[in-house]
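Read the numbers this way: they start at 1 and go in the same order the structure lists the ligands and their atoms. The first residue of the sequence shown is numbered 1, and numbering continues consecutively from there.
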Amino acid sequence: MFFKDIIGQKEIKRRLIQSVKDGYIPHARLISGPEGVGKIALALAYARYLSCSNRREEDACGVCPSCIKYNKLSHPDLHFVFPIIKNDKKKKEVCDDYLKEWREFVLQNPYFNLSSWLNFIGAENSQGMIYAKESEEILRKLNLKAYESEYKIMIVWMPEKMHEACSNKLLKMIEEPPVKTVFLLISENPDRVIGTIQSRSQSLPVPPIAPEDLATAIPPVIAGLNRNLLNEEEISNLVHLANGSYLKALEVIETGEENQQYLNLFITIMRNCWKRDVKNMKSEAETFAAMGREKQKSFLAYAQNMIRENFLYRLNLPEINYLNPEEAGFSKNFSPYVNENNVIGLMDELALAERHVESNVNPRMIFFDLSMKIAVLIK
Ligand SMILES: [Zn+2]
């Protein structure tokens, strides 16, 4: 991560670069702000700049031995502390046991949140934390001499997830830091970091990303969706929803894509049912079965919503209709088939299918059965 790779945040970057030039290197910084604004990216770029042996005016050089090691986050004077899940079977109990996964994950994309990290290490249903045992590790690492750099840098992601015993040890280290040691604490909830750590650290609040910077950062091609497909209004809508968070912007794009997928499936089902095309009903049941349980459930919720919207569509009340242009295009032709005689029946069948997914009934059967019932209902 270089400063040039960070989305927006010009003022924060300028301040960090200037402080290094001025030789003002606080031994602890508390970098705080909402998720998705670039706190980790900033910490990494700053650490790299500090460690670079051939600093340029506005960024690290990218070619010195230190920069080369930073490319893989494997510099011996760069240490990480982050929430993990204890795994007794695999003997994973401190951050270094997850270091390989951590480096891979952070290098992939330094804009992430706790749940995506836990997901990455297969612990999505657990609460990550920084355990008491980590304090021995922190002490051990900081008592080492700096190997190659002037500074030893320790990046602590989410100090608010730290066990109290560990927080207290960390506080001692921050109060009496070994020479040339820099702590970069990155927090989404600085109020939950113990007060004495807060007061001993130089505070660096990171604001939301400016709308114009976020608009240009939307990835040109994300999971097959072409940036050019988004018109200016859609981009500004997306930026508005993202509220200064790059993560949130990606999330909005992804939900949009899922929606598209669900609409396509909904259209196919309704066409097959209307044509009483049993062969295609069967093959669509395979598509449905392959989606996975959570997606099956959210598709069925989406379908119920579509039925409700199509019923309302007929009543011609645009102010209570929430269809995107593509959905509305389909509803123009489809809505006459949803009426007072079948709307309750259709909703009931979709809700029943959702409950069946919930209780692990064979998805092919659920879907095929559902298609047959819809075929009768929309006759
Ligand atoms: Zn360099």
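- Lys92 is linked by a salt bridge (Lys or Arg N to Asp or Glu O under 4.0 Å) to Glu101, counting only residues two or more places apart in sequence or in another chain.
- For the Zn ion (ligand 1), protein N, O or S atoms under 2.8 Å: 4 in total.
- Remark: Phe266 engages Phe334 in a ring pair (Phe, Tyr, Trp, His ring centres under 6.0 Å) (not counting sequence neighbours).
- Ring planes of Tyr70 and His75: tilted class, angle from 30 to 60°.
- A cation-pi arrangement, defined by a distance under 6.0 Å to the six-membered ring centre and an angle within 45 degrees of its axis, is present between Lys4 and Phe2.
- Contacts of Phe367 classified as ring pair (Phe, Tyr, Trp, His ring centres under 6.0 Å), with partners at least two apart in sequence or in another chain: Phe288.
- More than 12 heavy atoms of other residues, nucleotides or ligands lie within 6.0 Å of CD in Glu212, so this atom counts as buried by the packing criterion.
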